[in-house]
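Bear in mind that the values here come from a model prediction, so they are computed numbers and not experimental data. To find a chain, count down the sequence lines: A is the first, B the second, and so on, and within it residues start at 1.
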Protein chains: 2
Amino acid sequence: MSSIPPSATDFGVAPKLLAYRLPMTPAAGSARSHPATLSDVARLAGVSVATASKALNGRSQVRAETRRRVIEAAERLSFRPNQLARGLLVGRSGTVGLLTSDLEGRFSIPILMGAEDAFGAGEVAVFLCDARGDAIREQHHVRALLGRRVDGLIVVGSRTDPRPSLGRELPVPVVYAYAPSDDPQDLSIVPDNVDAGRIAVEHLLACGRTRIAHITGDPGYAAAHDRAEGAAAALADAGLAPVGEARFGAWSEGWGRAATALLLDRHPEVDAVLCGSDQIARGVMDVLRERGHRVPEDVAVMGFDDWQVLTAASRPPLTSVDMNLEQVGRAAAQALSGAIGGARRSGVESLRCRVVIRGSTAPLS
Amino acid sequence: MSSIPPSATDFGVAPKLLAYRLPMTPAAGSARSHPATLSDVARLAGVSVATASKALNGRSQVRAETRRRVIEAAERLSFRPNQLARGLLVGRSGTVGLLTSDLEGRFSIPILMGAEDAFGAGEVAVFLCDARGDAIREQHHVRALLGRRVDGLIVVGSRTDPRPSLGRELPVPVVYAYAPSDDPQDLSIVPDNVDAGRIAVEHLLACGRTRIAHITGDPGYAAAHDRAEGAAAALADAGLAPVGEARFGAWSEGWGRAATALLLDRHPEVDAVLCGSDQIARGVMDVLRERGHRVPEDVAVMGFDDWQVLTAASRPPLTSVDMNLEQVGRAAAQALSGAIGGARRSGVESLRCRVVIRGSTAPLS
DNA sequence: AAATGAACCGAAAAGGCTTTCTGAAAGCTA
DNA sequence: TAGCTTTCAGAAAGCCTTTTCGGTTCATTT
């Protein structure tokens, strides 16, 4: 969470932070309903619009006394520069488009929050567009955003599988977040799911577990494979074999329950289960408990995604891997700001995930 | 979900919907990197900008042949009218601000989706701002949005308790969604939680249940009281007494478990539990099962919020009350559009909720 | 053939702001 | 006092589009 910087409309004076309601009255005198313009300010201050502009923007060619008069006039009128006009002039609108494919899905939201936060702290406003997973709707939104002269675009995916690029010919820079673009010339910011699988297993190893099983979600998802790959690698590095193959299924509690039943039948010696999602982990823990296995004493359980509703409420609270999605959003926003400033990067950049330890994993005693 | 209307940039020809990538090349000739302007189009078509404008906007004072030439030129250049300039001229930006206080919370998202959908189908773009529950940050955002000359504002709350009004002096209309404004002059769109409590109990009554308990969340929330009030009223109307008082606590599984344990100790005859949230319901069901009560045969359980991850995954799937939040968002968007068009309303408008029936409630056999 | 009208096109202004350039006044040196 | 530099204010252009209004062309009417 970043602090609010002094905005261009502060005119160098401390804003009245404590008043909750905005003093929007057109102020004594001008009973017009339209917001004040710079020429209104100039007239009230007895100067030209040019001078007024310079005074408010901190340009140097204006006497201190004059500047004071202009600032006072601007405040009396609650003047607030028209960003449309400014944008038209300077050729930069100070807006970006945030294009999500699936607002409903829970992965988009934290990314969006991170991006909004990173931009919101500056002077950039964010247009939100949800394509509902529909390419045509996405195109429609891109067109509309370009018409509004956004300075850049962030495309937020709902899964980590590569998605079609918007193309290289767009007049503004684009950053892909979570779902990478299929064009390596584009810049994509994604969580490092392979490493995530690795650090998850490393945590279980550090807890002294050696008979580790992996129950994960839909095999159609790259995330499932990446995590499984990292987990397998970490296991191999430790000279251990997995307990059975990675079990792919669905991202649901039901699959977690079913897979656990099978697992316990064939490998009752298991002492840790790494799950592909928190939902799966919930199902796993339910069956473990019903079958008389204690968590974490007999079997440690780890989830994925660190979804608080699920991790905090389970019994015991669930250790999980957090993808730091808010940071992904923030990084994407920063990368876009850089690209707008001319510093273009390309390729897929991965951000590390982190293990959040709770009660469902503990050292073997 | 609404359909995509023909946009102002379609120039009356069918867009190439099937091409995924946008044909953004600056087209043969003009190797400029800046997007094409109307005068570029006019030059290429051999007409004046005035004529080009009229041709593209479907004005009548243009010969068919000329119009064709202009449209062709516009397409060759991928021309797309600059909305900043248009907005500056017509005094309307075609944008609105969506001010949320808590993006993280799950209630904002569906509302936001509904609003985005309702606007997105028209020609209105949405600025997303998250105030993080901070009044100062909210003010900052309001100022910034007004500087961008939004045509209106939607304020989305994270709980149904009244919130401070933004004030009456804003130069643009404001609609409050989910959390009503404390000023009755403002327009607020909220879910009808009292009625929600009522219809929930009515559903349980329809299932033949007569010994109904109510376990709900944080007593600091208006939603908890409203639902309890509606539930009590419905019970009274049926000539029944509740099984114990409504139990307030927290919106968590843990509280659901704890309250259920107490409930079963004192009122083992209970045959239905209405819960203040799906999380509470999950906890309730866990304890019921552990104590040997079958759901729904012995005890029916109902949740609130209809949060799919929780309702669909539970055993049995959970009947719940859906607040139709997406509809709340849509209604707010429509009300704002109306207000921008001059049709201002005021007061608090409640939208009905609906019961989503799943396996956790069934008629007594 | 001249006048009338319709159809079409373009010049110009407006919208609010920033920036450059010009000009005036003041201060300084010699 | 003449000539110089500095400092500050304002006029005007430009950003891109829409709209009004005046002007041109061409066909029609008498």
Asks: For A/Arg143, run the side chain to side chain donor-acceptor pair (under 3.5 Å) check against A/His140, A/Gln139, A/His141 and tell me which one passes.
Replies: A/Gln139

Asks: Is the phosphate of C/dT18, meaning OP1 or OP2, less than 4.0 Å from a side-chain N or O of A/Arg59?
Replies: no

Asks: Expressed as a whole number of angstroms, how long is the span from A/Asn82:CG to D/dC16:C1'?
Replies: 14 Å

Asks: Kindly give the atom pairs (protein nitrogen or oxygen, nucleotide nitrogen or oxygen) under 3.5 Å for nucleotides 9-11 of chain C.
Replies:
unit_1, atom_1, unit_2, atom_2, d
C/dC9, OP1, B/Arg63, NH2, 3.3
C/dC9, OP1, B/Thr66, OG1, 2.3
C/dC9, OP2, B/Arg63, N, 2.9
C/dG10, OP2, B/Ser48, N, 2.8
C/dG10, OP2, B/Ser48, OG, 3.3
C/dG10, OP2, B/Thr51, OG1, 2.9
C/dG10, O6, B/Lys54, NZ, 2.6

Asks: Please tell me whether B/Ser108 and B/Asp102 have a donor and an acceptor in their side chains that are separated by less than 3.5 angstrom.
Replies: no

Asks: When the distance from CG of A/Leu84 to C1' of C/dC17 is rounded to whole Å, what number comes out?
Replies: 11 Å

Asks: Rounded to whole Å, how long is the line connecting atom CD of A/Gln83 with atom C1' of C/dC17?
Replies: 10 Å

Asks: Among B/Ile154, B/Leu153, B/Ile340, which residue satisfies the side chain to side chain contact (heavy atoms under 4.5 Å, CB included) criterion with B/Val96?
Replies: B/Ile340

Asks: When you compare the side chains of A/Thr100 and A/Asp130, does any donor N or O come within less than 3.5 Å of an acceptor on the partner?
Replies: yes

Asks: Tell me which of B/Ser60 and A/Leu89 sits closer to the 5' end of DNA chain C, going by the nucleotide each one is nearest to.
Replies: B/Ser60

Asks: Check ring pair (Phe, Tyr, Trp, His ring centres under 6.0 Å) between B/Tyr176 and all other residues, then give those that pass, not counting sequence neighbours.
Replies: none

Asks: Who passes side-chain contact (heavy atoms from CB on, under 4.5 Å) against A/Ser53, sequence neighbours left out?
Replies: A/Leu38, A/Asn57

Asks: If only atom types and distance count, is the side chain of A/Asp134 paired as donor or acceptor with the main-chain N or O of A/Ala131 below 3.5 Å?
Replies: no

Asks: Report for the helix from C/dA1-D/dT30 to C/dA30-D/dT1: angle between first-end and last-end helix axes, five pairs each, rounded to 10 degrees.
Replies: 60°

Asks: B/Arg149 has an atom CZ; how far is it from atom C1' of C/dC17, in whole Å?
Replies: 11 Å

Asks: Could you state the atom-to-atom distance from NE2 of B/His34 to P of D/dC15 in whole Å?
Replies: 10 Å

Asks: With the threshold set at 4.0 Å, does a side-chain nitrogen-carboxylate oxygen contact exist between B/Arg330 and B/Asp117?
Replies: yes

Asks: Strictly below 4.0 Å: does B/Asn57 bring a side-chain N or O up to OP1 or OP2 of D/dT18?
Replies: yes

Asks: What string of B, S and - do you get for nucleotides 22-27 of chain C, 5' to 3', when a contact is any protein heavy atom under 4.0 Å?
Replies: ------

Asks: Nearest whole angstrom, please: distance from the P of D/dT19 to the CG of B/Leu88.
Replies: 14 Å

Asks: If the condition is salt bridge (Lys or Arg N to Asp or Glu O under 4.0 Å), which residues does A/Arg69 pass it with, not counting sequence neighbours?
Replies: A/Glu65

Asks: Salt bridge or not between A/Glu116 and B/Arg132? Use side-chain N to carboxylate O under 4.0 Å.
Replies: yes

Asks: Write down the distance between CD (A/Glu123) and C1' (C/dC17), rounded to a whole number of angstrom.
Replies: 16 Å

Asks: Nearest whole Å is fine: how far is C/dT18 C1' from A/Leu38 CG?
Replies: 9 Å

Asks: Within the 3.5 Å criterion, strictly below it, is a donor on A/Asp186 or A/Ser165 matched to an acceptor on the partner's side chain?
Replies: yes

